[in-house]
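To keep things clear, I will list the structure first and then write my remarks on it.
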Amino acid sequence: MKLSGQSIRTFIGSKHYTISRNFYKDLGFEEIIISENMSYFQIGKFGFYLQDAYVKDWIDNSMIFFEVDHLESTLEYIQSLKLTETYENVRLSKIVQNIWGDEFFLHDPSGILWHFGTFKEH
């Protein structure tokens with residue numbers, strides 16, 4: 001038998017759980033409450049678990065890569081949400097071009113670094 005599966009779901013923490021929950025809902029994720037200190041956030045068939053847990057070293061080193069179909073329109077959509085104005089510590093970059101593909105960055109209110117990107121075809 002070979003290893004196979006349906007999804008990979010990461011667990012991330014939050015400095016202020018309620019603020020982070022609101023941020024991800026505003027970003028467009030659907031929230032499924034698991035318990036009073038954990039929720040699953042999904043878009044379509046993929047997502048992640050958000051925990052009411054803050055460990056600075058863990059948060060500061062957490063990164064998620066979100067591969068999208070249309071990078072420019074994704075950035076425009078996120079800019080239209082005005083998350084950097086609504087939430088403290090949220091930062092949104094411009095598109096960066098790399099050898100392997102293009103990406104932009106979004107820091108959530110706790111400092112989790114999201115990479116939104118596309119890969120170049122070979």
Side-chain angles (χ1 to χ4, degrees):
M1 177 182 158
K2 293 183 179 180
L3 182 64
S4 66
Q6 299 293 319
S7 69
I8 293 178
R9 300 178 179 185
T10 190
F11 289 76
I12 61 172
S14 59
K15 190 170 188 176
H16 302 288
Y17 186 57
T18 301
I19 292 170
S20 291
R21 288 175 62 204
N22 291 334
F23 171 82
Y24 286 112
K25 288 186 281 188
D26 287 350
L27 186 56
F29 285 90
E30 175 190 355
E31 179 183 25
I32 299 170
I33 297 171
I34 306 296
S35 68
E36 68 180 41
N37 60 2
M38 185 167 59
S39 288
Y40 179 68
F41 284 86
Q42 67 180 12
I43 291 179
K45 292 187 172 190
F46 63 92
F48 63 93
Y49 293 98
L50 179 71
Q51 301 174 91
D52 186 8
Y54 180 72
V55 178
K56 183 173 177 19
D57 287 344
W58 173 42
I59 298 289
D60 288 349
N61 288 289
S62 292
M63 292 185 273
I64 300 171
F65 191 95
F66 189 143
E67 184 180 4
V68 298
D69 294 322
H70 305 286
L71 191 61
E72 293 82 7
S73 59
T74 301
L75 177 58
E76 289 170 5
Y77 167 73
I78 293 175
Q79 288 170 330
S80 77
L81 299 175
K82 300 188 184 302
L83 298 171
T84 57
E85 297 171 24
T86 306
Y87 296 95
E88 191 174 335
N89 300 321
V90 171
R91 299 189 318 258
L92 180 62
S93 77
K94 295 180 179 180
I95 293 174
V96 176
Q97 297 178 340
N98 301 295
I99 294 171
W100 53 265
D102 301 332
E103 64 182 336
F104 67 85
F105 309 102
L106 176 67
H107 289 83
D108 86 351
S110 299
I112 303 287
L113 177 58
W114 284 77
H115 297 244
F116 289 82
T118 56
F119 294 101
K120 292 184 180 171
E121 295 184 28
H122 295 99

List in chain and number order the residues that pass side-chain hydrogen bond (donor to acceptor under 3.5 Å, both in side chains) with [X], two or more places apart in sequence or in another chain; answer none if no residue qualifies.
X     : answer
Glu30 : Gln42
Gln51 : none
Asn22 : none

Can you list the steps and then say if Phe41 with Phe23 is a ring pair (Phe, Tyr, Trp, His ring centres under 6.0 Å)?
CA-CA 11 Å; Phe41 284 86; Phe23 171 82; 9.7 Å; no
Straight-line distance of [X] [atom1] to [Y] [atom2], nearest 0.5 Å:
X     : Y      : atom1 : atom2 : value
Leu50 : Tyr17  : CG    : OH    : 5.5 Å
Asp69 : Glu67  : CG    : CD    : 8.0 Å
Gln97 : Lys120 : CD    : NZ    : 7.0 Å
Leu27 : Tyr77  : CG    : OH    : 6.5 Å
Met38 : Ile32  : CE    : CD1   : 12.0 Å
Arg9  : Phe48  : CZ    : CZ    : 12.0 Å

Distance-only, no hydrogens or angles: does the Tyr40 side chain make a donor-acceptor pair with backbone N or O of Gly47 under 3.5 Å?
yes
Using every non-hydrogen atom in the two residues, find where [X] and [Y] come nearest and quote the distance to one decimal.
X     : Y     : value
Glu72 : Ile95 : CG-CD1, 3.9 Å
Phe29 : Ile43 : CD2-CG1, 3.4 Å
Asn37 : Ser35 : OD1-OG, 2.8 Å

Test item: Val68 and His70 side chains (from C-beta on) under 4.5 Å apart, heavy atoms:
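No, too far: nothing below the 4.5 Å cut-off.
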In the structure I gave you, are the side-chain heavy atoms of Leu83 and Ile78 within less than 4.5 Å of one another anywhere?
yes
Let me check something: do [X] and [Y] share a hydrophobic cluster, defined by ILVMFWY side-chain heavy atoms less than 4.5 Å apart, either directly or through other members?
X     : Y     : answer
Ile19 : Ile64 : yes
Leu81 : Phe66 : yes
Ile12 : Met63 : no

ILVMFWY cluster membership beyond Leu3 - transitive side-chain contacts under 4.5 angstrom
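Once heavy-atom contacts under 4.5 Å are chained together, Leu3 still belongs with nothing else.
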Enumerate, atom names and distances included, each donor-acceptor pair closer than 3.5 Å involving a side-chain atom of residues 102-118, sequence neighbours excluded.
{"from": "Glu103", "atom 1": "OE1", "to": "His115", "atom 2": "ND1", "distance (Å)": "2.7"}
{"from": "Glu103", "atom 1": "OE2", "to": "Asn98", "atom 2": "ND2", "distance (Å)": "3.2"}
{"from": "His107", "atom 1": "ND1", "to": "Arg91", "atom 2": "NH2", "distance (Å)": "3.4"}
{"from": "His107", "atom 1": "NE2", "to": "Arg91", "atom 2": "NH2", "distance (Å)": "3.0"}
{"from": "Asp108", "atom 1": "OD1", "to": "Ser110", "atom 2": "N", "distance (Å)": "2.8"}
{"from": "Asp108", "atom 1": "OD1", "to": "Gly111", "atom 2": "N", "distance (Å)": "2.8"}
{"from": "Asp108", "atom 1": "OD1", "to": "Ile112", "atom 2": "N", "distance (Å)": "2.9"}
{"from": "Asp108", "atom 1": "OD2", "to": "Tyr24", "atom 2": "OH", "distance (Å)": "2.6"}
{"from": "Ser110", "atom 1": "OG", "to": "Lys15", "atom 2": "N", "distance (Å)": "2.7"}
{"from": "Ser110", "atom 1": "OG", "to": "Ser20", "atom 2": "OG", "distance (Å)": "3.4"}
{"from": "Trp114", "atom 1": "NE1", "to": "Tyr24", "atom 2": "OH", "distance (Å)": "2.9"}

Identify all side-chain donor-acceptor contacts of residues 52-62 below 3.5 Å with residues at least two apart in sequence or on another chain.
{"from": "Lys56", "atom 1": "NZ", "to": "Asp60", "atom 2": "OD2", "distance (Å)": "2.6"}
{"from": "Asn61", "atom 1": "ND2", "to": "Asp57", "atom 2": "O", "distance (Å)": "2.7"}
{"from": "Ser62", "atom 1": "OG", "to": "Trp58", "atom 2": "O", "distance (Å)": "2.8"}

